[in-house]
Amino acid sequence: MNTKVFKSSFSGVLLDWFKVEKRNLPFRDTKDPYKVWLSEIILQQTQMKTGIEYYKKFIKRFPSISMLAESYQKEIYSLWEGLGYYNRAKNLLKTAKIIAKKHNGVFPKTYDELIKLPGIGKYTASAISSICYNEKRVVVDANVYRVLSRVFGIKTNISKPKAYKSFLTLSNILSKNTNRIGDYNEAIMDFGSVVCSPKKPACWSCVFKTNCIAYKKDIVNALPVKASKKKLINRDFNYYVFENNNRLLIRKRTQNDIWKNLYEFYLEEGKNKERKLQKEFEIQKIKPVITKDKGLLSHQKINIDFNHFQILNGSVFDKIKKELGLIEVKADKINRYGFPKVIANYLNSYC
DNA sequence: CTCCAGTCAT
DNA sequence: ATGACTGGAG
């Protein structure tokens, strides 16, 4: 089957699968926008299993949006306890009150109106307008990114905002002959959850397996593509500045790490509050001057303690130099060496 | 420990 | 455009 034919058959195959495998969820027996909205808000960033219990709890306490609107933030937070992302709980009440006051208690029906409400973004506005009112709005959530990127072998980085547009366009094309967009949306999300899951997808039972690009190329687990998150790493550097008679001890950074080939003082890395080096050289009697600084790189935050020792005894200084393999430099010649910015700053200020 | 999930603030 | 939010799964 060529791609064009496959694309035109996609929604039909998906909806046939959905007819049989549709998940039986407590908010699936209704088109009540209040219930659909509540379920969508609860299920954001939340596993189905966890979310269902909270959904039932909320519906039991607030059978209608007017009852929710009359509640208080405190109570909402208390019912929300354990779900996380508490802004959702805050916006839940905000939106309920807005609908009660500004919409006479009637839930807005269109995507354009819905998206103005706090806590309702593109995904939720699409879900409510399509499921409850059959507005032609396809959802683009994590399931959609996953299913479509795999089935059609799309390597677009989904972490970039512009990826949203391309998946929206594709999903619009795929669903253009579907008259129940709400079903299409529920179907692709169920499919992404039950079959085309993030981990260990059930490819053997997949209705698209003969056409799925990722399956054929054996790259299912590599899709969707996400930019490697540059997490900010925290590191703790304890520098030992040994000084004697206008001489300083430094060394070169040779490891494959930040500041490679630059110079630094003797370093102990980690949350080493013990300062074992201090004990080792029996210089604990001389209280070091500790200066704190921070080095901020694009992906690392370095918390630096400079432990400055004025060593009075020249032989202790020599011993440290030898045992730690450090380089002795006259203070007035120190600018012949290249240092990381934070260390250069320290040298300018204290040496 | 790492990865995952929509909305909103910046 | 990017990251904080926050708990669950593995």
Side-chain angles (χ1 to χ4, degrees), chain A residues 23 25 27 36-55 57-58 73 76-96 98 108 111-131 137-150 156-168 171 185-186 188-202 220-236 270-271 296-301:
Chain A
R23 288 181 294 181
L25 304 168
F27 36 84
V36 172
W37 164 67
L38 181 62
S39 69
E40 292 297 351
I41 300 301
I42 289 173
L43 289 168
Q44 286 167 19
Q45 283 77 41
T46 304
Q47 303 270 311
M48 187 61 75
K49 190 168 161 291
T50 309
I52 284 175
E53 296 313 308
Y54 282 85
Y55 171 78
K57 196 162 66 168
F58 268 82
Q73 197 60 71
I76 306 294
Y77 277 143
S78 137
L79 284 164
W80 200 266
E81 206 167 277
L83 264 184
Y85 292 93
Y86 287 80
N87 256 339
R88 292 184 292 167
K90 199 161 90 185
N91 288 331
L92 201 67
L93 184 58
K94 253 194 193 171
T95 284
I98 290 171
Y111 176 96
D112 290 334
E113 283 296 309
L114 289 162
I115 203 161
K116 292 176 187 163
L117 298 165
I120 297 184
K122 287 178 288 198
Y123 164 78
T124 310
S126 301
I128 297 172
S129 62
S130 66
I131 292 169
R137 294 282 180 174
V138 290
V139 296
V140 179
D141 74 340
N143 291 299
V144 174
Y145 283 128
R146 193 168 55 251
V147 172
L148 298 187
S149 67
R150 286 174 177 172
T156 303
N157 176 5
I158 64 160
S159 299
K160 299 292 179 188
K162 67 176 183 180
Y164 180 85
K165 252 187 187 167
S166 63
F167 280 83
L168 182 70
S171 209
N185 282 335
E186 288 183 345
I188 198 165
M189 290 190 284
D190 276 16
F191 184 78
S193 186
V194 174
V195 180
C196 199
S197 48
K199 302 218 167 112
K200 299 186 182 177
V220 172
N221 290 318
L223 293 172
V225 173
K226 278 177 232 181
S228 61
K229 290 187 201 330
K230 278 179 194 156
K231 283 171 305 183
L232 196 61
I233 300 167
N234 274 302
R235 299 174 75 176
D236 298 290
K271 293 193 186 302
L296 190 61
L297 289 78
S298 62
H299 57 300
Q300 294 188 26
K301 196 167 88 183

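Quantities reported herein were computed from a predicted structural model and do not represent experimental measurements. Each chain gets a letter, A, B and so on, in the order its sequence line appears, and its residues count up from 1.
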S.K.: Could you work out which one of C:dT2, B:dT7, B:dA5 sits closest to the side chain of A:P161?
M.R.: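 Of the options given, the side chain of A:P161 lies nearest C:dT2.
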S.K.: Nearest-Å distance, OH (A:Y164) to P (C:dA1)?
M.R.: 15 Å
S.K.: Please work out if A:Y85 contacts a base, only the sugar-phosphate, or nothing of the nucleic acid, heavy-atom cut-off 4.0 Å.
M.R.: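 Since a base atom lies under 4.0 Å of A:Y85, the category is base.
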S.K.: Establish, with yes or no, whether the OP1 or OP2 oxygen of C:dG10 is under 4.0 angstrom from a side-chain nitrogen or oxygen of A:K200.
M.R.: no
S.K.: Using atom CZ of A:R137 as one end and atom P of B:dG6 as the other, report the distance to the nearest whole Å.
M.R.: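 The distance from CZ of A:R137 to P of B:dG6 comes to 18 Å, rounded to the nearest Å.
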S.K.: What's the CH2-C1' distance between A:W80 and C:dG8, to the nearest Å?
M.R.: 15 Å
S.K.: Could you give the CG-to-C1' distance, from A:N87 to C:dT6, as a whole number of Å?
M.R.: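 Going from CG in A:N87 over to C1' in C:dT6 covers 11 Å.
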S.K.: With a non-hydrogen cut-off below 4.0 angstrom, is A:P198 in contact with a base, only sugar-phosphate, or nothing?
M.R.: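 The residue A:P198 makes no contact with any strand.
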S.K.: Could you check whether any side-chain heavy atom of A:P201 comes within less than 4.5 Å of a side-chain heavy atom of A:N221, counting everything from C-beta outward?
M.R.: yes
S.K.: Quick one: the side chain of A:Q47 and the base of C:dG8, do they pair up donor-acceptor inside 3.5 Å?
M.R.: no
S.K.: Just how far, in rounded Å, is P of B:dC3 from CD1 of A:I158?
M.R.: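 Rounding to the nearest Å, CD1 of A:I158 and P of B:dC3 are 14 Å apart.
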S.K.: Find the distance A:L117:CG to B:dC8:P and express it as a whole number of Å.
M.R.: 10 Å
S.K.: When you measure from the side chain of A:R88 to the backbone N and O of A:G119, does any donor-acceptor pair fall under 3.5 Å?
M.R.: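 Such a contact is absent between A:R88 side chain and A:G119 backbone.
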S.K.: Less than 4.5 Å apart, any side-chain heavy atom of A:S130 and any of A:Y111?
M.R.: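 No; the side chains remain at least 4.5 Å from each other.
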S.K.: Nearest heavy atom decides the nucleotide; on that basis, is A:Y54 or A:K162 closer to the 5' end of DNA chain C?
M.R.: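 Here A:K162 is the residue nearer the 5' end.
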S.K.: Between A:G119 and A:K199, just flag the one whose closest nucleotide in DNA chain B comes earlier from the 5' side.
M.R.: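 The 5'-side residue here is A:K199.
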S.K.: Rounded off to whole Å, could you give me the NZ-to-P distance for the A:K122 and B:dC8 pair?
M.R.: 11 Å
S.K.: Using atom CG of A:L83 as one end and atom P of C:dG7 as the other, report the distance to the nearest whole Å.
M.R.: 9 Å
S.K.: Counting any heavy atom closer than 4.0 Å, what does A:L43 reach on the DNA or RNA strands: base, sugar-phosphate only, or nothing?
M.R.: nothing
S.K.: Give a yes/no answer on whether the side chain of A:Y86 brings an N or O atom under 4.0 Å of OP1 or OP2 in C:dG7.
M.R.: yes
S.K.: What contact category does A:K160 fall into here, base, sugar-phosphate, or nothing, at under 4.0 angstrom with non-hydrogen atoms?
M.R.: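 Sugar-phosphate contact only - A:K160 comes under 4.0 Å of backbone atoms but never of a base.
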S.K.: Of the non-hydrogen atoms in A:G51 and A:L43, which two are nearest, and what is the gap between them?
M.R.: CA-CD2, 3.9 Å
S.K.: So how far is it from A:K94 NZ to A:I120 CD1, rounded to the nearest 0.5 Å?
M.R.: 12.5 Å
S.K.: Taking only the side-chain nitrogens and oxygens of A:K90, find out if one of them lies under 4.0 Å from OP1 or OP2 of C:dC5.
M.R.: no
S.K.: So A:T124, base contact, sugar-phosphate only, or nothing? Heavy-atom distance under 4.0 Å.
M.R.: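 Sugar-phosphate, backbone atoms only, no base.
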S.K.: Under 4.0 Å, heavy atoms only, any strand: does A:I41 hit a base, just the sugar-phosphate, or nothing?
M.R.: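 Result for A:I41 = nothing.
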S.K.: Relative to each other, are the rings of A:Y77 and A:Y86 parallel, tilted or perpendicular (30° and 60° limits)?
M.R.: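 A:Y77 vs A:Y86 ring planes: tilted.
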S.K.: Below the 4.0 Å mark, does B:dA5 have OP1 or OP2 next to a side-chain nitrogen or oxygen of A:R146?
M.R.: yes
